[in-house]
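Reviewing the structure listed below.
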Amino acid sequence: MIPTGDVDSSKTLEFTFVEDSLSCWVPFYWAHVIFAYVTVISGLLCMLTRLHTKVIWMHYWLGRVFILAMIWATASSILIHNKGLPTGVLYSFLWVLIGLTVGWIAISLHVKRVFKTASKQGGEKNRVRRVLSEVLSLKAFHGCIMFVCWINVAGRLFVTPITGDFACYTYPVYKQLNSSYYTYTGGPVEPLPSHDPVNYLKTPWANKEQVWAAALLVGPYFGAFLVSTTSGSTI
C-alpha cells in the first residue's frame with residue numbers, strides 16, 4: 001500500500017509524506033536503479049545491432065525499450081527525493097531530454113523520407129554524393145544525438161554507487177520568510193505538516209484515492225471505446 005500520513009514520516013526512514021503528498025519511498029529507489037540499468041544496457045545493445053545485418057532488426061525494438069525504460073526511470077526518480085541534483089547533472093539530463101526529443105523527430109522524418117532527394121545511379125560523382133548524403137543524413141544525425149543521450153545516462157550510472165541502505169533521510173521545513181504559503185513569526189524553523197486539511201478536502205480524491213484512481217482508468221477507456229464503436233472506427 002502507498003504510505004499515508006497515518007504515520008509521522010519525520011520519524012521513519014522508509015518514506016516521506018508531507019501535506020498529503022508522497023515525496024520519497026524506499027522501494028522506488030530499487031525501481032529507479034533497475035530501469036536505469038535497463039536504459040543503459042538496451043541503449044548499448046541498440047547501437048551494437050548496427051554492426052551486423054542479421055541482428056539489425058533488433059535495433060527497432062531495443063530503441064523502444066531504451067525510451068520506455070528512460071520514461072520509467074524518470075518517473076521512479078520522482079519518489080526518491082531527498083535533495084536536489086547537482087547543477088552539472090542537471091545539464092547532463094538536459095542533453096538527455098533534448099537528445100530523446102530531437103533524435104526521435106530526426107528518425108521519424110527519415111523513415112517518412114522527408115527532405116530526402118533521389119539521386120541517379122552510376123558514376124564516381126554520384127557515389128561521392130551518396131556517401132555524403134548518408135553521412136549528413138537525418139539517420140546519421142539520429143545516431144549521433146542518441147549516442148549523446150546514452151552516454152550522459154551511462155556516465156551518471158557508472159559514477160553513482162548503488163547503496164543497499166538507501167533511506168528517505170530528509171524532511172522539509174518552511175523557510176524563515178513570509179510568503180503566500182507561510183507567515184514567519186520569528187521562531188525556529190517549522191517542519192511542514194503531514195496533512196493539509198484545508199486544501200486536501202478541496203481535491204476530488206479526498207479520502208477516496210482508490211476510487212479516483214479507478215475512475216481515471218475505467219472512465220477514459222470506456223469513453224474512448226464507446227466513441228470508437230459508435231463512430232465505426234478506432235481512435
Side-chain angles (χ1 to χ4, degrees), residues 24-25 27-121 123-164 166:
C24 184
W25 191 15
F28 272 80
Y29 169 77
W30 295 108
H32 179 68
V33 169
I34 291 171
F35 284 118
Y37 270 97
V38 172
T39 300
V40 172
I41 294 172
S42 61
L44 178 61
L45 293 176
C46 191
M47 291 184 286
L48 292 176
T49 60
R50 307 296 301 178
L51 299 177
H52 201 287
T53 55
K54 288 187 177 181
V55 294
I56 200 170
W57 63 271
M58 299 176 63
H59 185 84
Y60 178 93
W61 295 107
L62 286 169
R64 278 147 182 76
V65 172
F66 173 75
I67 292 175
L68 289 173
M70 176 73 71
I71 292 173
W72 280 98
T74 303
S76 58
S77 70
I78 297 174
L79 288 180
I80 55 173
H81 180 266
N82 276 313
K83 59 179 182 178
L85 289 172
T87 53
V89 175
L90 288 175
Y91 280 114
S92 177
F93 286 165
L94 176 63
W95 305 144
V96 172
L97 293 174
I98 292 176
L100 281 176
T101 304
V102 178
W104 177 79
I105 293 173
I107 199 63
S108 297
L109 292 175
H110 170 77
V111 170
K112 293 179 179 297
R113 298 180 182 275
V114 175
F115 307 132
K116 188 174 183 181
T117 57
S119 61
K120 295 181 180 180
Q121 299 293 324
E124 184 65 27
K125 184 177 180 180
N126 285 331
R127 281 198 292 271
V128 173
R129 184 181 300 173
R130 287 197 299 273
V131 170
L132 289 175
S133 177
E134 185 68 21
V135 171
L136 301 177
S137 67
L138 288 167
K139 180 181 178 181
F141 174 73
H142 161 79
C144 293
I145 199 67
M146 291 302 283
F147 178 75
V148 171
C149 174
W150 177 84
I151 199 67
N152 277 278
V153 177
R156 170 68 173 171
L157 188 64
F158 292 150
V159 301
T160 304
I162 298 177
T163 175
F166 175 82

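Proximity of Ile162 to Tyr37: side-chain heavy atoms (C-beta onward) are separated by under 4.5 Å at one or more points. The shortest distance between side-chain heavy atoms of Arg64 and Tyr60 falls below 4.5 Å. Side-chain contact between Ile151 and Trp95: absent, with no pair of heavy atoms (C-beta onward) separated by less than 4.5 Å. The shortest distance between side-chain heavy atoms of Met58 and Leu45 does not fall below 4.5 Å. When side chains are defined from C-beta on, Thr74 does not count as touching Phe93, because their heavy atoms never get closer than 4.5 Å.
The heavy-atom pair separating Met70 from Leu100 by the smallest distance is CG-CD1, 3.5 Å. Contact record, Ile56 with Arg50: CD1-NH1, 3.5 Å, taken as the closest heavy-atom pair. Heavy atoms only, all atoms of each residue included: Cys24 and Asn82 are closest at SG-OD1, 4.1 Å. Across Phe158 and Val40, no two heavy atoms sit closer than the pair CZ-CG1, 4.3 Å. Pairing each heavy atom of Val65 with each of Ser42, the nearest pair is CG1-CB, 3.7 Å. Shortest non-hydrogen contact noted between His32 and Ser76 is CA-OG, 3.1 Å.
Taking OG1 of Thr39 as the start and CZ of Arg156 as the end, the distance is 13.5 Å to the nearest 0.5 Å. Ile71 contributes atom CD1, which lies 11.0 Å from atom CZ of Phe35 (distance to the nearest 0.5 angstrom). Phe166 CZ to Phe28 CZ: the interatomic distance, rounded to the nearest 0.5 Å, is 11.5 Å. Atoms CH2 and CG, from Trp57 and Leu62 in turn, are 8.5 Å apart once rounded to the nearest 0.5 Å. The distance from the CD1 atom of Ile145 to the CD1 atom of Ile98 is 8.0 Å, given to the nearest 0.5 Å. Taking CD1 of Ile41 as the start and CZ of Phe66 as the end, the distance is 12.5 Å to the nearest 0.5 Å.
At most 12 non-hydrogen atoms from other residues, nucleotides or ligands lie less than 6.0 angstrom from CH2 of Trp61.
Using a 30° and 60° split on the angle between ring planes, His59 and His142 fall in the perpendicular class, above 60°.
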